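Every value quoted in this text rests on a predicted model; they were computed, and no experiment measured them.
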Amino acid sequence: MATETVAKPRTSARVGVQKFGTFLSGMIMPNIGAFIAWGLITALFIEKGWIPVPELGGYGTNAEGVAHVGLVGPMVNYLLPLLIAYTGGRMVYDVRGGVVGAIATMGVIVGTGIPMFIGAMIMGPLGGWTMKKIDAIWDGKIRPGFEMLVNNFSAGIWGGILTLLGFYGLTPVVKAFTAGAGSVVQFLVDNGLLPLTSIFIEPAKVLFLNNAINHGVLTPLGIQQSLDQGKSILFLLEANPGPGLGILLAYMFFGRGAARASAPGAAIIHFLGGIHEIYFPYVLMKPILILAAIGGGMTGIATLAITNSGLVAPAAPGSIIAVIAQTSRDSYVGVILAVVLATAVSFLIASLILRTSKNKGEDDLSAATSRMEAMKGKKSSVSSALVGDRAAAQGEGTVLTRPVQNIVFACDAGMGSSAMGASVLRNKIKAAGFPDVKVTNSAIANLSDSYDVVVTHQDLTERAQPRTASAIHYSVDNFMNSPEYDDIVELVRSSNTDATASGTTAEPAAGAQPTEAATTAAPAQGAHTAEPAVGVGGQANGAQATGAQAEGKGVLLRESVVLNGTATDRDAAIDEAGKLLLDRGAVDVSYVHAMHEREESVSTYMGSFLAIPHGTNDAKEHINHSAVSIIRYPEGIDWGGKQVKFVVGVAGLNNEHLHILSSIAKIFTNKAQVAQLEEATTVDEVLELFGKVNA
């Protein structure tokens, strides 16, 4: 797979602001639909709306003289902040973090009369982070059967404490900050200085630094202003599509080469689709064009100020369609005029620059796009519109613009195939001298777009790609010794070595969450970090069972190892492996059915004569405790066209079974040890080779 890597030195200040802004954006953007719904309800049903309805708009009183609550107030005061807080907490510590973050945010919500978006963006992640740290204190120390009790009460107690801390501690701080920021904005408006903000906003957009200002300050202040005045100019300081459209139009008329040819398509994506980053490479090809964006932005803001126009809610993405949909009833002329004049001024300045410059903008657009992606920190979702088929020739179109930090091996259930593959790949990467590269495994359903490299079985790649669009994808059909593993190791070596040589510290992908969330809290995240492979032969002899094994609680026990299986085909072998799990009380019969269901969707053949049948992701509720069964078929059986001599049945809760899977993976990548298994004459020999690893 051909892969382009770019390792550019990046100043820590810029990267820090970018990461902070991306995190804020990650809390706001998933909930934009709720903001739009609130904006439409406000525009339609308030007293000055298109269709005034007291019961919905929240004005007037009913026949008994009770004031109407309506939808507008509760949505902006409770729904939107709680959604933001939940999203922020979940970004840090999955659903558990989201719940605690939402609980904590209620303190700052009821502590003030203004919409508490800033408080939500503080308390949500804080709740998730602190809950994660608290859980780590007793991780692995809770007695079996008390997990739910401890988890629920700890979340409830800590959430309640944070609620009080927010009410008494954070509320005054946020109110003071909001009042101060509002005063600054009002000062700029009163003195006609608001257009000057384009001097900072437009360059920040191209450098992907605008999210911190837009989502951290402008959106919360805009919401407050919209509640007070029915609209806000702040929503259009950054979202106006006019400046970018003017630059693209200038390239259409006065550019050359690929830049001119691609500009019309980019203009459509930018103006109608609202994806502003599509025009950033055109500015990066000729940085002086940022003057055109600044001029257009200042013109648009000045027009809005003069006409007293604004939007009722954020316009995201920054499409003209979203802008018009959120425009206040009395602001259509001003808003449309602001977009048109911003486009015109930006076009005139950009045209003048292109026509008078020796360089007409024919520089390599692909190189500019790569620079843009390097600054963004991950693959651009719209870059293919600029570089055409270049992406298709580069392994699924993904361009890695950062050192490889985290790799995930994904399968349907996230507990068998992926754990084995992750263990093999981790050992290879460590052997190559990159022990800091995280290699985890996960169910596809739990994937997020926070990984640098994603490895899947070839039949699952199409399911994984939409969830991890910015990662490089590798498809394999042999989990033990796939040649793609060597490609991944080479990718790690080239990208991480280049980054070290250029002085680049390994920064996480923009929008990526710390891999610690996937490693230290595997059960909560739905992803597992396979434990270090157990040293083969390093455990006690098979005849020396531990106390846990004697009680029947071990993952791999003597009675779960069969040296001469009786099955003659794949389905019978799955039944035989499943029966051993059933006999242990590890699973119920529905799990065995799910093992067949899993096999019908994607083969569990690993390579090296090994198959590891296991249930689907939905079948985990049918597992009572973790267990592994091992059956040897000396003559081999047909497994979907592959010869299998060893069948390992897997039932895993959390990550308890991953020790033995790591050991199995290590064995089956060693031909000599596979030969030892084939020649073993006693169960003790097999157990000694695998190592008896128990939960």
Side-chain angles (χ1 to χ4, degrees), residues 411-413 415-417 419-420 479-480 542 549 552-616 618-620 622-653 656-657 660-661 663-665 667-668 674 676-690 692-694:
C411 70
D412 181 68
M415 63 178 178
S417 309
M420 296 282 283
F479 293 87
M480 290 292 100
Q549 291 166 326
K553 296 180 181 179
V555 174
L556 176 61
L557 302 184
R558 293 176 54 81
E559 58 265 32
S560 298
V561 179
V562 176
L563 296 183
N564 295 285
T566 59
T568 58
D569 57 35
R570 183 195 69 181
D571 291 342
I574 293 175
D575 286 334
E576 194 168 4
K579 185 176 185 301
L580 291 175
L581 300 177
L582 276 171
D583 292 343
R584 289 272 307 280
V587 302
D588 60 33
V589 70
S590 295
Y591 184 80
V592 181
H593 296 159
M595 294 171 71
H596 286 282
E597 181 183 342
R598 170 67 169 79
E599 201 66 43
E600 290 300 324
S601 62
V602 181
S603 174
T604 58
Y605 173 73
M606 298 277 105
S608 300
F609 306 117
L610 171 68
I612 55 166
H614 54 278
T616 61
D618 294 336
K620 290 183 178 180
H622 299 291
I623 301 175
N624 300 320
H625 62 81
S626 297
V628 171
S629 61
I630 300 176
I631 306 175
R632 185 179 67 179
Y633 298 94
E635 303 303 320
I637 59 176
D638 178 73
W639 200 281
K642 308 288 186 179
Q643 186 183 33
V644 166
K645 294 185 178 181
F646 301 92
V647 175
V648 177
V650 177
L653 284 176
E656 297 169 345
H657 63 300
I660 191 65
L661 288 180
S663 188
I664 293 170
I667 291 171
F668 279 89
V674 173
Q676 284 183 260
L677 283 177
E678 291 186 273
E679 297 169 1
T681 58
T682 66
V683 171
D684 288 344
E685 292 179 59
V686 175
L687 290 175
E688 183 177 2
L689 191 58
F690 280 121
K692 300 190 296 291
V693 181
N694 291 294

W639 vs I574, test: side-chain contact (heavy atoms from CB on, under 4.5 Å). Steps then yes/no.
CA-CA 10 Å; W639 200 281; I574 293 175; 3.8 Å; yes
Atom of [X], atom of [Y] and distance for their closest heavy-atom approach:
X	Y	answer
H614	I612	ND1-O, 2.8 Å
Y591	L581	CE2-CD1, 4.3 Å
V686	A680	CG2-CB, 4.0 Å
V628	L556	O-CD1, 3.5 Å
E576	T566	OE2-N, 3.1 Å
A573	I637	CB-CD1, 3.5 Å

Evaluate the side-chain contact (heavy atoms from CB on, under 4.5 Å) criterion for residues H596 and D575: first the C-alpha distance (whole Å), next the side-chain angles of each, then the deciding distance (0.1 Å), finally the verdict.
CA-CA 8 Å; H596 286 282; D575 286 334; 2.6 Å; yes
Among Q643, R632, K642, find the one that has a side-chain contact (heavy atoms from CB on, under 4.5 Å) with F609.
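Single side-chain contact (heavy atoms from CB on, under 4.5 Å) partner of F609 among Q643, R632, K642: Q643.
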If we only count heavy atoms from C-beta on, is the R584 to H625 side-chain gap below 4.5 Å?
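Of all side-chain heavy-atom pairs linking H625 with R584, at least one is under 4.5 Å.
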Spacing of [X] atom [atom1] and [Y] atom [atom2] [to the nearest 0.5 Å]:
X	Y	atom1	atom2	answer
S560	I631	OG	CD1	9.5 Å
L582	D588	CG	CG	7.5 Å
M595	H622	CE	NE2	13.5 Å
L687	L557	CG	CG	8.5 Å
L580	E559	CG	CD	9.5 Å

Between K579 and D583, does any NZ, NE, NH1 or NH2 come within less than 4.0 Å of an OD or OE carboxylate oxygen?
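Salt bridge flag = yes for K579 with D583.
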Side-chain donor or acceptor of E599 paired with backbone N/O of D571 under 3.5 Å
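Judged by distance alone, no pair lies under 3.5 Å.
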For the pair S629 (side chain) and A577 (backbone), establish whether a donor and an acceptor sit closer than 3.5 Å, ignoring hydrogens and angles.
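The answer is yes, because a donor-acceptor pair under 3.5 Å joins these two groups.
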Mind running side-chain contact (heavy atoms from CB on, under 4.5 Å) on N624 and V587 for me, showing each step along the way?
CA-CA 5 Å; N624 300 320; V587 302; 5.6 Å; no
